[in-house]
There are 2 protein chains.
Amino acid sequence: MPQRHQHQVRRRLRDNVSRWTQPRDVILDILARTKKHLSAKEIYDTLYSTHPGIGLTTVYRTLELFHRLGVVQKVTSPDGQSRYQLRSEGSQEHHHHLICIRCGKIIDYQDFAEEELKLVGKTEQVLSQKHNFLILDHNIEFLGLCEKCRKETQKS
Amino acid sequence: MPQRHQHQVRRRLRDNVSRWTQPRDVILDILARTKKHLSAKEIYDTLYSTHPGIGLTTVYRTLELFHRLGVVQKVTSPDGQSRYQLRSEGSQEHHHHLICIRCGKIIDYQDFAEEELKLVGKTEQVLSQKHNFLILDHNIEFLGLCEKCRKETQKS
DNA sequence: TTACTAATGAAAATGATTTTCATTTTCTCT
DNA sequence: AGAGAAAATGAAAATCATTTTCATTAGTAA
């Protein structure tokens with residue numbers, strides 16, 4: 001993620017939060033430095049080497065905050081944890097996921113964006129009216145086994 | 001769900017399982033009597049009045065079994081529980097979900113099946129090769145607030 | 001009916017997330 | 001810069017869904 005964008009995000013967060021704190025800054029930094037979807041625990045582990053004072057509770061609270069402010073995307077994985085990823089710049093990078101049902105690994109993809117957008121737009125409009133449902137987000141996900149887990153499943 | 005179909009499903013299960021037991025029969029019956037997605041706890045509560053002897057553990061084990069045999073669809077809801085639904089007859093009833101992020105309620109829809117199928121088929125083929133991923137299932141879901149939760153959110 | 005062993009149920013364990021509450025830190029106002 | 005108010009934090013306990021353990025029960029094939 002370009003530095004510029006991280007600064008934009010930080011500014012946006014500071015403006016919508018009553019206090020900007022060190023934990024928030026550190027967590028944002030970690031999210032900005034990766035393209036992966038990280039679990040709260042993974043972020044905590046990364047943090048721990050440089051900032052052992054920051055607690056797991058704060059990681060959870062901060063992720064929830066960022067998510068509430070729309071800065072972070074939250075994915076509920078079938079392996080029982082939530083994973084978080086900073087939203088990228090602009091809407092052109094909208095993407096979806098391949099999720100491994102065994103280890104929880106998430107792979108992003110953004111093929112077929114055009115076709116998808118058409119289908120989703122139409123669907124969203126019809127469904128929100130038909131079911132009186134306020135649609136805030138959508139996911140397209142493919143579930144299965146990643147390369148590594150496929151091999152390990154064969155062994156056992 | 002028509003009786004006929006429930007019998008087909010039961011036969012299919014019996015053939016793939018070493019013993020057919022009362023808990024399995026009762027749980028299948030509950031699943032067959034509803035169109036909703038039920039959580040393990042909800043199924044247990046339903047069971048409890050008529051079969052207080054059946055434990056929650058068995059409900060979990062049975063649902064996992066049915067899911068492994070492809071008879072039950074499992075949805076991981078953002079409210080932290082999994083919900084289960086008997087797959088309906090034939091593939092023509094393939095559907096997707098509107099999920100309430102507040103109460104976990106799941107609404108099925110099956111509009112745009114044709115267009116979706118085209119998109120998903122193409123996507124699946126490309127992705128499984130590109131990422132060396134064994135794709136077993138896919139979900140399209142819209143996340144938001146159901147009518148009830150939308151009202152309650154306004155209050156607070 | 002009997003014997004084998006899969007399936008069950010109760011209780012304990014696990015693991016992710018949330019809550020509680022006393023303490024610390026940020027930020028605003030002097 | 002300093003003081004005070006309130007937000008934010010961290011540690012520990014609580015919660016809650018799900019899984020594991022293990023002694024007991026109950027399908028089923030002979």
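Below, chains carry the letters A, B, ... as their sequence lines are ordered, and counting in each starts from 1.
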Q. Between D:dG10, C:dA7, C:dA16, which nucleotide has the shortest distance from any of its atoms to the side chain of A:Gln81?
A. C:dA16
Q.
Side chain of A:Arg19, heavy atoms from C-beta onward: which of D:dT18, C:dC27, C:dT18 has the nearest atom to it?
A. C:dC27
Give a yes/no on whether any side-chain N or O of [X] is located under 4.0 angstrom from OP1 or OP2 of [N].
X	N	value
B:Thr58	C:dG9	yes
A:Ser18	D:dA8	yes
A:Thr57	D:dA12	no
B:Tyr60	D:dT18	yes
A:Ser82	C:dA16	no

Measure the distance from [atom1] on [X] to [atom2] on [N] and round it to the nearest whole Å.
X	N	atom1	atom2	result
B:Asp25	C:dA7	CG	C1'	15 Å
A:Leu65	C:dT17	CG	P	17 Å
A:Asp79	C:dT14	CG	P	19 Å
B:Leu63	C:dA7	CG	C1'	15 Å
B:Leu56	C:dA7	CG	C1'	16 Å
A:Tyr44	D:dG10	OH	P	9 Å
B:Arg24	D:dA26	CZ	P	15 Å
A:Glu42	C:dT17	CD	P	11 Å

Q: Please confirm whether the backbone N or O of A:Thr62 pairs with a side-chain atom of A:Arg24, one donor and one acceptor, at under 3.5 Å?
A: no
(Q) With no hydrogens and no angle check, just 3.5 Å: does a side-chain donor-acceptor pair link B:His95 and B:Gln85? (A) yes
Q. Which word best sums up how the rings of B:His138 and A:Phe142 line up, parallel for under 30°, tilted for 30 to 60°, or perpendicular for over 60°?
A. tilted
Q: Fit a plane to each ring of B:Tyr109 and B:His96, take the angle between them on a 0 to 90° scale, and name the class: parallel (under 30°), tilted (30 to 60°) or perpendicular (over 60°).
A: tilted
**Q.** Test side-chain contact (heavy atoms from CB on, under 4.5 Å) applied to A:Thr46 and A:Leu38, A:Thr34, A:Ile30, the passing residue
**A.** A:Ile30
Q | Quiz item: A:Arg61 side-chain donor-acceptor pair to D:dA8 base, under 3.5 Å | A | no
